[in-house]
Amino acid sequence: MANTLSAFGLSADEAANLRLEISFSGPNAEIKSSELPIFEVMHKLPDIDLRDVNLYFFAFCLTGYSGEAQVSKLQMRGTHASLGYVFPMTFFRGEADIEGDWQKRYARVAFHKLINLSNIANFAPDASIDVLRDRRVFPDELFPDNLSIVVAGLQNLDDAGVRVEQFKLMLLSQGITILDRYERDRKFFAEDKFSASVRLAALSPVLDEDIEVIFQLLRQSDADTSEAGRFLRLYQLIEYSIEKVYSWSLRALLGMEMSSWRLKKRLSAITADRSRLGILAAHCLHPTVNRAALDALAVTCRDLLKDLGEKLTGQETWDFLLYSVRNVVVHDQIKLIRTPNDYLPSLNDTLREVCLELTSNLFEPDLSKIWSLAKDEEQAQEAIVF
């Protein structure tokens, strides 16, 4: 109880004596102490039936858009199946137009899940009983008004084949950052423009067993204040992907008939990180991958490498350039420090975009079929893509 009430600035003894609870009546949530009212939180949403709030996923998030009318409907890309909504904290003032009964229902659920003691403790850092006593406030007067909340139907997610862990990563890919608790001045990445309809891409099944780890890795990279450290965290997802390529390559080789000499050549190639990254770039990304993100990464890598004095022909691919940057960051940080520039932050931004593209576009190709098309060893080496 003491931890729950810490947001109100109470001591452990004061918290124990207050015995706070919350009750809902109409458009109001009343925070009471030993049956005596302290303050109320209200909304001005249209009246509509309240659904079972236990059937909905709820989370605080950051989107970069906190205007009353900046509500986003969440849909699956391709099928347009509806999953839920993102509501800005200011939405509950009732000043924005509400589109249809379903948005009303989700908003009512959102209010009921929003107002509880745990949320006040974790997301209302400036809440004070002395300040709030005998007042009636809107949610954005209790919680920071730059916050938003996500509400999604659990059945909707299940129908779309999406687990909650996957849902969080899918949202992150669209500039919606789920929060565990409030942090002042948290760094996050919002979309350039507000969209009333956010279309979420399904994640690659290749990542399925590691979704939570990948989500945390990306979150940690966003919080890293060192650009070199941020690069290394992001590059871990590249490492993860090329490790998958290694497994796929071995599986393909086991199904191919070839001489021991050619098998040795193949094995030598796939044990090299640069080769596996080339295979990833050439064969393991769906055609739907955002090529503009890959091109942007190539540009930012080239800018950094040229500034460091690396010799380039101008014809290098994004994977070759990225691996060259990786070698500098891992093996020659003194060179980075000796040559101060502002290229690494923008490079990291583009690398983050590519990592997010990997989460939905990485797949296992039939490498044995691709390699068997080569008629001689030179063509085989081309197919591998060093």
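Model, not experiment: these values are computed from the prediction.
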### Query
How are the rings of Phe143 and Phe60 set relative to one another: parallel (under 30°), tilted (30 to 60°) or perpendicular (over 60°)?
tilted

### Query
Parallel, tilted or perpendicular: which fits the ring planes of Phe92 and Phe87, with parallel below 30° and perpendicular above 60°?
tilted

Just how far is it from atom [atom1] of [X] to atom [atom2] of [Y], taken to the nearest 0.5 Å?
{"X": "Met89", "Y": "Asp145", "atom1": "CE", "atom2": "CG", "result": "9.0 Å"}
{"X": "Thr63", "Y": "Leu147", "atom1": "OG1", "atom2": "CG", "result": "9.5 Å"}
{"X": "Leu237", "Y": "Cys355", "atom1": "CG", "atom2": "SG", "result": "4.5 Å"}
{"X": "Ile48", "Y": "Arg105", "atom1": "CD1", "atom2": "CZ", "result": "4.0 Å"}
{"X": "Leu172", "Y": "Thr359", "atom1": "CG", "atom2": "OG1", "result": "8.5 Å"}
{"X": "Ile98", "Y": "Leu45", "atom1": "CD1", "atom2": "CG", "result": "5.5 Å"}

Just so I know, are the side chains of [X] and [Y] near enough to count as touching, which here means a heavy-atom distance under 4.5 Å?
{"X": "Phe57", "Y": "Val150", "value": "yes"}
{"X": "Arg186", "Y": "Leu179", "value": "yes"}
{"X": "Arg274", "Y": "Arg326", "value": "no"}
{"X": "Leu356", "Y": "Leu218", "value": "yes"}
{"X": "Leu347", "Y": "Cys301", "value": "yes"}
{"X": "Cys284", "Y": "Ile279", "value": "yes"}
{"X": "Val86", "Y": "Ile149", "value": "no"}
{"X": "Lys168", "Y": "Ile211", "value": "no"}

State, to 0.1 Å, how close [X] and [Y] come at their nearest heavy-atom pair, and which atoms those are.
{"X": "Ile22", "Y": "Ile115", "result": "CD1-O, 3.7 Å"}
{"X": "Phe188", "Y": "Thr177", "result": "CB-OG1, 3.8 Å"}
{"X": "Leu234", "Y": "Ser221", "result": "CD2-OG, 3.4 Å"}
{"X": "Val329", "Y": "Gln333", "result": "O-CG, 2.8 Å"}
{"X": "Thr300", "Y": "Ser346", "result": "CG2-O, 4.0 Å"}
{"X": "Ser148", "Y": "Pro88", "result": "OG-CA, 3.6 Å"}

For the [atom1] atom on [X], are there more than 12 heavy atoms of other groups (residues, nucleotides or ligands in this structure) within a distance under 6.0 Å?
{"X": "Lys264", "atom1": "NZ", "result": "no"}
{"X": "Asp49", "atom1": "CG", "result": "yes"}
{"X": "Ile334", "atom1": "CD1", "result": "no"}
{"X": "Asp97", "atom1": "CG", "result": "no"}

### Message
Here's a test for you: under ring-ring contact (aromatic ring centres under 6.0 Å, His included), which of Phe111, Tyr106, Tyr85 qualifies with Tyr56?
### Response
Tyr106

Any sub-3.5 Å donor-acceptor pair from [X]'s side-chain atoms to [Y]'s backbone N or O?
{"X": "Asn119", "Y": "Lys113", "value": "yes"}
{"X": "Arg276", "Y": "Val245", "value": "no"}
{"X": "Asn156", "Y": "Ser82", "value": "yes"}
{"X": "Ser72", "Y": "Ser195", "value": "yes"}
{"X": "Gln166", "Y": "Arg163", "value": "yes"}
{"X": "Glu316", "Y": "Gly314", "value": "yes"}
{"X": "Ser275", "Y": "Ala269", "value": "yes"}
{"X": "Gln216", "Y": "Glu212", "value": "no"}
{"X": "Asn28", "Y": "Glu30", "value": "no"}

Report yes or no: do [X] and [Y] belong to one cluster of Ile/Leu/Val/Met/Phe/Trp/Tyr joined by side chain heavy-atom distances under 4.5 Å?
{"X": "Val354", "Y": "Val299", "result": "no"}
{"X": "Met42", "Y": "Phe91", "result": "no"}
{"X": "Tyr65", "Y": "Val198", "result": "no"}

### Task
Would you sort out whether Thr288 and Asn361 count as a side chain to side chain donor-acceptor pair (under 3.5 Å), showing the intermediate values?
CA-CA 7 Å; Thr288 55; Asn361 288 287; 2.7 Å; yes

Between [Y] and [X], is the closest basic N to carboxylate O distance under 4.0 Å?
{"X": "Glu99", "Y": "Lys73", "value": "no"}
{"X": "Asp126", "Y": "Arg184", "value": "yes"}
{"X": "Arg108", "Y": "Asp47", "value": "yes"}
{"X": "Glu310", "Y": "Lys335", "value": "yes"}
{"X": "Asp349", "Y": "Arg230", "value": "yes"}

### Query
Does any donor atom in the side chain of Thr317 or Asp319 lie under 3.5 Å from an acceptor atom in the other side chain?
yes

### Task
Using only heavy-atom distances, determine whether the side chains of Tyr240 and Asp210 contain a donor-acceptor pair under 3.5 Å.
yes

### Task
Can you spot which of Met76, Glu165, Arg199 makes a side chain to side chain contact (heavy atoms under 4.5 Å, CB included) with Met170?
Met76

### Task
Could you walk me through whether Asp224 and Gln220 pass side chain to side chain donor-acceptor pair (under 3.5 Å), step by step?
CA-CA 6 Å; Asp224 202 319; Gln220 289 167 9; over 6 Å; no

### Message
I'd like to know whether Leu367 forms a side chain to side chain contact (heavy atoms under 4.5 Å, CB included) with Ile370, so could you lay out the CA-CA distance, the side-chain angles of the two residues, the decisive distance to 0.1 Å, and finally the verdict.
### Response
CA-CA 5 Å; Leu367 290 172; Ile370 294 168; 4.1 Å; yes

### Task
May I have the step-by-step check of side chain to side chain donor-acceptor pair (under 3.5 Å) for Ser197 and Gln75, ending in yes or no?
CA-CA 7 Å; Ser197 179; Gln75 296 177 291; 2.6 Å; yes

### Results of ring-ring contact (aromatic ring centres under 6.0 Å, His included) for Phe138 - residues two or more places apart only
none

